[in-house]
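Single-structure report; data block below.
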Amino acid sequence: MPIATKTIEGFAAQKEKSSLQPYKYEAHPLGNFDIEVEITHCGICHSDLHMINNDWKISKYPLLPGHEIIGNITQKGEKVTELNIGQRVGIGWQSNSCRKCEWCHQGEENLCLTQESTCVGRPGGFAKSLIVDHHFAFSIPENLKSENAAPLLCGGATVFSPLLQHGVDGTFRIGVFGIGGLGHLALQFAKAFGCEVFAFSSSMAKEKEAKELGATHYISTSDPSHLAKLKNSIDLILYTSSHIADFSQLMGLLRPKGKLCLLGVPENGKVNLPIVDFIDGRKTVCGSNIASPPVIQKMLEFAARHGIVAKTELFPMSEVNTALDKLKANQIHYRAVLCN
Ligand code: NAP
Ligand code: ZN
Ligand code: ZN
């Protein structure tokens with residue numbers, strides 16, 4: 001019997017830095033462990049824009065972005081037992097891994113060397129539907145609205161994971177550098193952990209909202225004198241900007257044993273720091289990628305319990321280019337979400 005395939009409609013970039021155009025592709029047949037998800041919402045992460053622009057030199061075209069997906073299961077493979085048809089699920093940046101290596105066995109699939117991403121070399125969520133391995137689909141708590149929860153699947157996971165990795169508790173002073181999609185979620189999570197929260201933004205424009213979201217202090221990085229006053233103040237900085245920063249200045253903000261955790265991946269982003277910045281005060285620079293599947297599920301439950309959701313601007317999927325233009329201009333009110 002021929003295996004049924006399905007034509008999926010979405011929006012793709014045909015070449016580097018181009019606008020997205022309607023695009024159709026033949027999805028692979030549903031495997032035993034796969035689910036088919038009818039997409040209702042998809043957030044636009046800055047990584048989608050980096051991918052469209054080929055900022056990281058890994059993009060292949062046509063490129064159908066989108067990895068902050070929420071939708072309903074319309075079909076499932078024979079071996080899918082934990083999820084049901086009709087159930088609402090979310091899918092983030094990761095959509096596969098080897099399931100055999102030490103990291104996969106420990107439930108840290110995001111560290112697997114052969115992990116696959118939802119929209120790298122395969123079509124993502126700016127589309128009507130998606131076929132994905134159910135291991136990378138997460139149940140969405142009932143009290144989270146899809147339009148505000150979609151950005152948790154990548155943005156929320158990415159800022160929540162380092163709080164667990166670095167043992168953050170209510171005694172911590174957390175800095176969030178860049179108050180965009182990731183940053184505005186980081187403010188909320190850090191507040192829910194009970195931390196003293198420092199928001200660093202390139203202008204004063206976001207002060208009122210940043211404080212409402214959880215910032216104890218708001219600092220505009222446009223005036224270096226503001227940063228100078230905060231030397232030796234912060235335990236952990238989450239760097240969430242899509243733009244390059246003066247990392248030596250950020251190291252100066254850290255208290256002894258403080259950590260600078262790099263999450264943003266600007267084009268040509270490089271960290272060039274004097275060795276003494278690490279030695280004096282035993283400071284650390286580290287990075288973090290998304291979150292493991294168990295941490296993503298835990299993050300969703302934590303967000304539901306603490307009322308943490310993204311502030312979103314909604315766009316019909318057909319207006320994806322308008323949303324991308326606003327994102328490029330740093331004018332999105334925290335997170336653009338496309339709806340079908
Ligand atoms: P976003 O919503 O566009 O926010 C980025 C923020 O960076 C902006 O709100 C702005 O903050 C600052 N910014 C942007 N352009 C700037 C400029 N020209 N000058 C100064 N500041 C500028 O992006 P996002 O979706 O939060 O993603 C942020 C970064 O994280 C991206 O590089 C993305 O690829 C990366 N990311 C990494 C992971 C991971 O696993 N590590 C996961 C998801 C995303 P202010 O207005 O407050 O200055
Ligand atoms: Zn993302
Ligand atoms: Zn693996």
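We count ligands from 1, going down the list as the structure has it; atoms in each ligand are counted the same way. Residue numbers run from 1 in the order of the sequence given.
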(Q) Let me check your reading of the structure: within less than 2.8 Å of the Zn ion (ligand 3), is there an N/O/S atom from Cys101? (A) yes
(Q) Within the 3.5 Å criterion, strictly below it, is a donor on Asn340 or Thr40 matched to an acceptor on the partner's side chain? (A) no
Q. Does the side chain of Glu108 come under 3.5 Å of the side chain of Ser292 through a donor N or O and an acceptor N or O?
A. no
**Q.** Residue pair Cys339 / His41: nearest heavy atoms and the distance that separates them
**A.** SG-CD2, 3.9 Å
Q) Between His184 and Lys311, what is the shortest heavy-atom contact and its length? A) NE2-N, 2.9 Å
Q) Is the distance between the ring centroids of Phe198 and Phe177 under 6.0 Å? A) no
Q | Check: Lys259 side chain, Cys286 main-chain N or O, donor-acceptor pair, under 3.5 Å | A | no
N/O contact list for ligand 1, threshold under 3.5 Å:
{"from": "ligand 1", "atom 1": "2 (O)", "to": "Gly181", "atom 2": "N", "distance (Å)": "2.8"}
{"from": "ligand 1", "atom 1": "3 (O)", "to": "His46", "atom 2": "ND1", "distance (Å)": "2.6"}
{"from": "ligand 1", "atom 1": "7 (O)", "to": "Ser241", "atom 2": "OG", "distance (Å)": "3.2"}
{"from": "ligand 1", "atom 1": "7 (O)", "to": "Ser242", "atom 2": "N", "distance (Å)": "3.3"}
{"from": "ligand 1", "atom 1": "9 (O)", "to": "Gly180", "atom 2": "N", "distance (Å)": "3.4"}
{"from": "ligand 1", "atom 1": "9 (O)", "to": "Lys206", "atom 2": "NZ", "distance (Å)": "3.2"}
{"from": "ligand 1", "atom 1": "9 (O)", "to": "Asn330", "atom 2": "OD1", "distance (Å)": "3.1"}
{"from": "ligand 1", "atom 1": "11 (O)", "to": "Ile179", "atom 2": "N", "distance (Å)": "3.4"}
{"from": "ligand 1", "atom 1": "18 (N)", "to": "His243", "atom 2": "ND1", "distance (Å)": "3.2"}
{"from": "ligand 1", "atom 1": "25 (O)", "to": "His46", "atom 2": "N", "distance (Å)": "2.9"}
{"from": "ligand 1", "atom 1": "25 (O)", "to": "Arg335", "atom 2": "NH1", "distance (Å)": "2.6"}
{"from": "ligand 1", "atom 1": "25 (O)", "to": "Arg335", "atom 2": "NH2", "distance (Å)": "3.3"}
{"from": "ligand 1", "atom 1": "26 (O)", "to": "Gly181", "atom 2": "N", "distance (Å)": "3.3"}
{"from": "ligand 1", "atom 1": "26 (O)", "to": "Leu182", "atom 2": "N", "distance (Å)": "2.8"}
{"from": "ligand 1", "atom 1": "32 (O)", "to": "His50", "atom 2": "NE2", "distance (Å)": "2.8"}
{"from": "ligand 1", "atom 1": "32 (O)", "to": "Val265", "atom 2": "N", "distance (Å)": "3.0"}
{"from": "ligand 1", "atom 1": "34 (O)", "to": "Ser47", "atom 2": "OG", "distance (Å)": "2.8"}
{"from": "ligand 1", "atom 1": "34 (O)", "to": "His50", "atom 2": "NE2", "distance (Å)": "3.4"}
{"from": "ligand 1", "atom 1": "40 (O)", "to": "Ile290", "atom 2": "N", "distance (Å)": "2.8"}
{"from": "ligand 1", "atom 1": "41 (N)", "to": "Leu263", "atom 2": "O", "distance (Å)": "2.9"}
{"from": "ligand 1", "atom 1": "41 (N)", "to": "Ser288", "atom 2": "O", "distance (Å)": "2.9"}
{"from": "ligand 1", "atom 1": "46 (O)", "to": "Lys206", "atom 2": "NZ", "distance (Å)": "2.6"}
{"from": "ligand 1", "atom 1": "46 (O)", "to": "Asn330", "atom 2": "ND2", "distance (Å)": "3.2"}
{"from": "ligand 1", "atom 1": "47 (O)", "to": "Ile179", "atom 2": "N", "distance (Å)": "2.8"}
{"from": "ligand 1", "atom 1": "47 (O)", "to": "Ser201", "atom 2": "OG", "distance (Å)": "2.6"}
{"from": "ligand 1", "atom 1": "48 (O)", "to": "Ser202", "atom 2": "N", "distance (Å)": "2.8"}
{"from": "ligand 1", "atom 1": "48 (O)", "to": "Ser202", "atom 2": "OG", "distance (Å)": "2.5"}

Q: Report the distance from atom CD of Gln188 to atom CG of Leu213, rounding to the nearest 0.5 Å.
A: 5.0 Å
Q.
Closer than 2.8 Å to the Zn ion (ligand 2), what protein N/O/S atoms do you find?
A. Cys45 SG, His67 NE2, Cys154 SG
Q. Quick one: side chain to side chain contact (heavy atoms under 4.5 Å, CB included) partners of Ala199, sequence neighbours excluded?
A. Ile179, Leu187, Ala210, Ala215, Tyr218
**Q.** Over 12 non-hydrogen atoms of neighbours within 6.0 angstrom of CD in Glu142
**A.** no
Q | ring pair (Phe, Tyr, Trp, His ring centres under 6.0 Å) pairs, two or more places apart, involving residues 64-90 | A | His67-Trp93
